[in-house]
Amino acid sequence: MLTRLFKPLFDLKAPFRSGVLWLIWGWLILLVLLPNLLVIGVSFLERDPQDFIRFSVTLDNYRRLFDPLYLGVFLRSLHMAVLATVLCLLIGYPFAWGVSRVTPRWRPLLMFLLIVPFWTNSLVRTYAIKVLLAGNGLINSFLIDVGLISQPVQLLYTEGAVIIGLIYVLLPFMILPLYSVFEQLREDLLAASADLGASRWRTFRHVVIPMTMPGVIAGCLLVLLPAMGMFYIADVLGGSRVLLVGNVIKSQFLDARDWPFGAAASVLLTVAMALLLLAYWQSVRRVRQQVAL
Amino acid sequence: MSRWLLRGYLALVYLLLYLPILVLVVFAFNDNRSAYSWGGFSWRWFEALFNNRSLMDAALNSLLLAASTATLTMIIGTLTAVALQRYRFRGKAALQGMLFVVMMSPEIVMAISLLALFILLGMQLGFVSLLLAHITFCLPFVVITVYAQLSGFDNRLMEAARDLGASEWQTLRTVLLPMIWPALLAGWLLGFTLSLDDVVVSTFMTGPGFDVLPLRIYSMVRIGLSPEVNALGALLLLLSLISLMLSHLILTRKRS
């Protein structure tokens with residue numbers, strides 16, 4: 001009896017297997033599940049100047065998120081992240097299609113060149129953008145030398161600079177999933193569409209777009225979510241003038257010490273992520289059904 | 001015509017991706033302070049870097065942290081990948097789902113949740129908190145790398161070993177490990193790189209007395225432009241390029 005109760009927890013006949021499962025579950029529960037539940041819990045508590053939190057339940061933190069002051073920050077941050085995502089998509093979609101049309105011999109090299117930025121320090125790459133945009137940087141000095149402008153133009157510490165930085169750092173994350181759907185795009189379906197008399201535009205609109213949708217959504221997720229959180233890009237390229245959601249969360253936790261409010265903002269970000277993931281899974285399912293037909 | 005247009009477009013995007021990095025590296029060797037005019041070739045910024053004691057301490061801390069993270073993540077990640085591929089157990093889908101969520105969730109969300117946990121437990125922030133956090137966010141990437149290699153693996157080889165009386169651990173060590181070590185090494189390199197590059201999680205997990213390189217760079221980069229940062233950036237780029245090349249060579253050599 002006792003052994004039967006005990007077996008699901010630790011099977012002595014297979015100690016290695018049980019040990020491995022314990023390790024993984026233990027790790028994920030202790031360092032992923034528990035901390036996230038903690039944050040959700042904290043977001044419903046009141047702030048305390050000494051002990052970070054006071055144990056009385058309130059919805060005030062969520063109400064404050066919709067206070068015009070913070071709502072403005074969130075909407076502007078969301079606006080920038082969405083703009084960066086859309087621009088990444090516009091640049092990345094034809095690019096990924098182009099790479100998938102190149103002769104197979106060259107494709108691995110081209111993909112390798114895209115993975116390099118993924119492996120290199122994003123802070124260093126953000127700094128590289130700063131070097132170009134600075135008042136005495138390459139772009140301004142070049143424009144003055146050519147005679148197009150006489151005074152340096154303010155490029156750095158603007159919203160535009162932050163958006164450029166986000167695009168530069170995150171573009172590969174958009175292209176990689178797009179490339180993988182374009183590579184699997186079935187030529188026979190495109191040919192069938194053309195044979196049935198569809199114009200190139202109609203084929204694109206009704207065959208290519210729906211079939212590459214999972215890649216589009218995956219790419220948008222991989223750009224949009226980090227774009228809201230990467231506070232160091234806003235810090236380095238936007239100065240203190242441009243804020244992302246990440247900057248707000250960071251300052252609430254590290255400077256203002258208002259944990260409940262920071263936690264509420266983080267929960268909001270997580271909920272947004274969950275909704276986007278749901279949209280992704282639905283689109284994958286829909287495409288599978290259509291191809292199966 | 002449209003083919004050349006397409007190629008031109010590809011070339012343009014690659015140029016825009018690599019131009020800033022190239023400029024950064026070139027001006028790391030510039031003899032004067034300017035980020036525009038060329039004053040001749042010089043190693044002086046690299047020398048200044050290596051003479052900066054506190055920066056070198058932070059760099060050593062980071063290398064130690066990255067190597068520890070990579071090693072532990074490689075072990076835990078490989079065991080996880082093996083469990084996912086070989087074992088049938090309750091809650092497998094939940095486990096996969098959780099790893100997926102870890103990979104997708106914004107780093108800042110993970111960072112504050114771990115900060116809340118460690119403060120609640122009364123833990124001193126520093127090496128240990130950084131290590132635990134770095135392993136957690138590297139884990140899904142290593143699991144994927146190893147799992148991809150395992151999925152092409154013939155399970156009958158391991159069953160044969162078990163039938164011949166080998167224990168599970170012996171089977172993994174003598175049958176599986178010799179065949180999948182390239183994925184393990186690639187996972188190690190990836191974990192090392194991710195840990196060395198991380199800013200967001202480290203910002204929250206660091207404590208007094210344990211300074212790490214990315215945060216030092218962060219504070220240098222915020223202040224303004226300095227050729228020293230160019231030199232440091234060039235070194236880091238070189239390091240990640242080497243580890244990417246190694247990982248690429250290891251993984252493709254095995255396959256062909």
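Numbers restart at 1 for each chain; the letters A, B, ... are given by sequence-line order, proteins then strands. When reading the values below, keep in mind they use all heavy atoms of this one structure, side chains included, and skip hydrogens, waters and symmetry mates.
- Heavy-atom pairs under 4.5 Å with chain A peak, among B/Ser240, B/Ser247, B/Pro214, at B/Ser240.
- Here the CZ-CG distance, from B/Arg222 to A/Leu237, works out to 12.5 Å after rounding to the nearest 0.5 Å.
- When the shell of 6.0 Å around OH of B/Tyr18 is examined, it contains more than 12 heavy atoms from other residues, nucleotides or ligands.
- We find the OG1-CG distance between B/Thr80 and A/Leu28 to be 7.0 Å, quoted to the nearest 0.5 Å.
- Counting heavy atoms from C-beta on, the side chains of B/Ile112 and A/Trp259 never come closer than 4.5 Å.
- Chain A forms the most heavy-atom pairs under 4.5 Å with one residue out of B/Leu19, B/Ile119, B/Val101, and that residue is B/Ile119.
- More than 12 non-hydrogen atoms from other residues, nucleotides or ligands lie less than 6.0 angstrom from CH2 of B/Trp38.
- Separation of atoms CZ (B/Phe89) and OG (A/Ser18) is listed at 11.5 Å; rounding is to 0.5 Å.
- Taking the salt bridge (Lys or Arg N to Asp or Glu O under 4.0 Å) definition, one finds that B/Arg7 meets it with nothing, sequence neighbours left out.
- To the nearest 0.5 angstrom, A/Arg125 atom CZ is 11.5 Å from B/Leu24 atom CG.
- Contact of the B/Phe100 side chain with the A/Leu277 side chain is registered, since non-hydrogen atoms from C-beta on lie closer than 4.5 Å.
- Along residues 201-208 of chain B, the residues that come nearer than 4.5 angstrom to chain A, judged on non-hydrogen atoms, are B/Thr203, B/Phe204 in order of number.
- For the pair B/Leu79/A/Phe16, a side-chain contact is recorded, criterion being any heavy-atom separation below 4.5 Å from C-beta on.
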Q: Please assess A/Trp106 against B/Leu10 for the test side chain to side chain contact (heavy atoms under 4.5 Å, CB included), listing each intermediate value before the final yes or no.
A: CA-CA 12 Å; A/Trp106 286 100; B/Leu10 294 187; over 6 Å; no
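- Side chain of A/Tyr127 to backbone of B/Leu225: no donor-acceptor contact under 3.5 angstrom is found.
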Q.
Does B/Leu95 form a side chain to side chain contact (heavy atoms under 4.5 Å, CB included) with A/Trp25? I'd like the steps, not just the answer.
A. CA-CA 8 Å; B/Leu95 190 78; A/Trp25 276 117; 3.9 Å; yes
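- The NE2 atom of B/His248 lies 11.0 Å from the CH2 atom of A/Trp119; values are rounded to the nearest 0.5 Å.
- Side chain of B/Tyr87 to main chain of A/Leu21: no donor-acceptor pair is present (N/O by atom type, distance under 3.5 Å, no hydrogens or angles).
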Q: Mind running side chain to side chain contact (heavy atoms under 4.5 Å, CB included) on B/Leu84 and A/Ile24 for me, showing each step along the way?
A: CA-CA 11 Å; B/Leu84 286 174; A/Ile24 305 155; over 6 Å; no
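- The CG atom of B/Leu236 sits 9.5 Å away from atom CG of A/Leu123, with the distance rounded to the nearest 0.5 Å.
- Within the 4.5 angstrom heavy-atom criterion, no atom of A/Pro15 approaches chain B.
- Taking the side chain as every heavy atom from C-beta outward, A/Leu31 and B/Leu114 approach each other to under 4.5 Å.
- Side chains of B/Val13 and A/Leu171 form a contact here, defined as non-hydrogen atoms less than 4.5 Å apart.
- In terms of non-hydrogen atom pairs under 4.5 Å with chain A, the most contact-rich of B/Leu232, B/Leu241, B/Val200 is B/Val200.
- Within 6.0 Å of CE on B/Met103 lie more than 12 heavy atoms contributed by other residues, nucleotides or ligands.
- Using a 30° and 60° split on the angle between ring planes, A/Phe95 and B/Tyr9 fall in the perpendicular class, above 60°.
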Q: Output, in order, the C-alpha distance, side-chain angles, deciding distance and verdict of side chain to side chain contact (heavy atoms under 4.5 Å, CB included) for B/Met104 and A/Leu222.
A: CA-CA 7 Å; B/Met104 294 301 292; A/Leu222 288 174; 4.0 Å; yes
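- At a 4.5 Å heavy-atom cutoff, the contact between A/Val20 and chain B is made by side-chain atoms alone.
- Counting heavy atoms from C-beta on, the side chains of B/Leu244 and A/Ile115 come closer than 4.5 Å.
- Taking both residues in full, the closest heavy atoms of B/Arg88 and A/Arg17 are given as O-NH2, 2.6 Å, listed atom of the first, atom of the second, then distance.
- Within the 4.5 Å cutoff, the side chain of A/Tyr168 has heavy atoms near those of the B/Ile21 side chain.
- Using a 4.5 Å cut-off on side-chain heavy atoms (C-beta onward), B/Leu6 and A/Trp97 make contact.
- Around the CZ atom of A/Arg200, the shell of radius 6.0 Å holds no more than 12 heavy atoms that belong to other residues, nucleotides or ligands.
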